[in-house]
Amino acid sequence: MTASDHHRTFPDTAPHGRIRVLIADDQPVVLRGFAAVLRAQPDLTVVGTASDGAQAVRLARETHPDVALLDIRMPEMNGIEAARRILDTEATRIIMITTFDLDDYVYDALSAGASGFLLKDVRANDLAEAVRTVARGDALLAPKITRRLVAEFARQRRPVPAGSPLTPREAEVLRLIARGLSNAEIAADLVVTEHTVKTHVARLLAKLGLRDRTQAVIHAYETGLVVPHA
């Protein structure tokens, strides 16, 4: 495979409503495999592939993807820095890709603005569903290992003492989000409608200046609202 094969954009002739995906990985086998899996999905379209972080940033600015899959460790520019630069200009959800389930960079990737992460050996169905999950604004934190990682890395950080702008109910919703509950589960727990929960989530994200539920989880751990392993 040539370098040009690694750095490609694709015409977007897909029907309106498809999720636009950019993939960046310096391993050709992974890049081809992920692209093939996602192209086979009726609701997804691959708008570009890149073999390093710098290419990924350029392609993101050209193609405006809904979701970008970025390998954490890439030449020229790593995935974490690429994520920061893409999020500076694009309304793109980021999924970080890693080889190791205990990668030291996972927490930093999430803190940089990623909506979650996947291992490179992810199953095809799980890969496609992960893209759909972050595209709709949900956190990719369902696997137990992800919650453990976020909790462990957050435990090592110094809690940020600050007065909370949240109402008691919003703080309660944030606490439940951080424990991995969906909107439906939070609604059942608080005995309110799911619409009410969505309203609380939108307001607390706006008040705290957070991008999505993943960032909300990290904020909850870092500020001590949720105690790791409690």
Side-chain angles (χ1 to χ4, degrees), residues 6-9 19-27 30-31 34 38 46-120 122 127 130-131 133-141 146-147 149-154 156-158 160 162 177-178 204-223:
H6 291 167
H7 177 201
R8 301 177 60 195
T9 58
I19 299 169
R20 300 162 53 82
V21 187
L22 169 67
I23 309 168
D25 197 296
D26 65 334
Q27 294 182 301
V30 174
L31 193 62
F34 277 22
L38 298 182
V46 177
V47 296
T49 59
S51 59
D52 64 59
Q55 290 177 354
V57 173
R58 290 196 296 271
L59 280 177
R61 290 171 180 170
E62 293 173 9
T63 62
H64 314 295
D66 300 304
V67 177
L69 297 169
L70 305 177
D71 186 13
I72 288 181
R73 300 177 180 179
M74 291 188 289
E76 300 297 327
M77 181 189 298
N78 66 44
I80 296 173
E81 180 59 28
R84 290 193 182 101
R85 297 195 185 192
I86 290 171
L87 292 172
D88 278 345
T89 61
E90 305 299 323
T92 299
R93 306 285 183 182
I94 306 292
I95 299 176
M96 304 305 301
I97 308 166
T98 180
T99 303
F100 308 105
D101 57 4
L102 293 177
D103 196 313
D104 289 341
Y105 295 106
V106 168
Y107 181 83
D108 289 334
L110 293 174
S111 297
S115 294
F117 77 98
L118 292 171
L119 298 181
K120 290 193 178 184
V122 62
L127 171 63
V131 171
T133 295
V134 300
R136 63 176 177 259
D138 291 336
L140 189 60
L141 294 172
T146 311
R147 289 199 294 269
L149 280 167
V150 172
E152 177 60 24
F153 284 114
Q156 300 174 21
R157 303 298 170 109
R158 190 183 199 85
V160 181
I177 289 174
L204 72 88
L205 291 177
K207 286 182 178 181
L208 297 174
L210 303 174
R211 181 176 295 106
D212 56 25
R213 294 170 77 98
T214 303
Q215 303 303 300
V217 171
I218 294 173
H219 176 87
Y221 280 118
E222 284 188 325
T223 58

Return the [atom1] to [atom2] distance between [X] and [Y], rounded to the nearest 0.5 Å.
{"X": "Arg85", "Y": "Arg58", "atom1": "CZ", "atom2": "CZ", "value": "11.0 Å"}
{"X": "Arg213", "Y": "Ile218", "atom1": "CZ", "atom2": "CD1", "value": "14.0 Å"}
{"X": "Arg73", "Y": "Asp26", "atom1": "CZ", "atom2": "CG", "value": "11.0 Å"}
{"X": "Ile23", "Y": "Leu59", "atom1": "CD1", "atom2": "CG", "value": "11.0 Å"}

Exercise. Only one of Asp212, Asp66, Thr214 clears side-chain contact (heavy atoms from CB on, under 4.5 Å) with Arg93; which?
Worked result: Asp212
Seminar exercise, completed: Checking Val47, Thr63, Leu38 against Val21 for side-chain contact (heavy atoms from CB on, under 4.5 Å), the one that qualifies is Leu38
With the side chain counted from C-beta on, respond yes when [X] and [Y] share a heavy-atom pair under 4.5 Å apart, and no when they do not.
{"X": "Met77", "Y": "Arg84", "answer": "no"}
{"X": "Leu22", "Y": "Thr92", "answer": "no"}
{"X": "Lys120", "Y": "Asp71", "answer": "yes"}
{"X": "Leu70", "Y": "Ile97", "answer": "no"}
{"X": "Phe34", "Y": "Thr49", "answer": "no"}
{"X": "Ile177", "Y": "Val217", "answer": "yes"}
{"X": "Ile72", "Y": "Phe117", "answer": "no"}

Of the non-hydrogen atoms in [X] and [Y], which two are nearest, and what is the gap between them?
{"X": "Pro75", "Y": "Asp52", "answer": "O-CB, 3.1 Å"}
{"X": "Ile95", "Y": "Ala130", "answer": "CD1-O, 3.7 Å"}
{"X": "Gln215", "Y": "Ala114", "answer": "NE2-O, 3.2 Å"}
{"X": "Gly113", "Y": "Arg211", "answer": "CA-NH1, 3.2 Å"}
{"X": "Pro65", "Y": "Ala60", "answer": "CD-O, 3.5 Å"}

Exercise. Does Thr89 offer a backbone N or O that forms a donor-acceptor pair with the side chain of Arg61 under 3.5 Å?
Worked result: no
Exercise. Can any side-chain N or O of Gln55 pair as donor or acceptor with the backbone N or O of Ser51 at less than 3.5 Å?
Worked result: yes
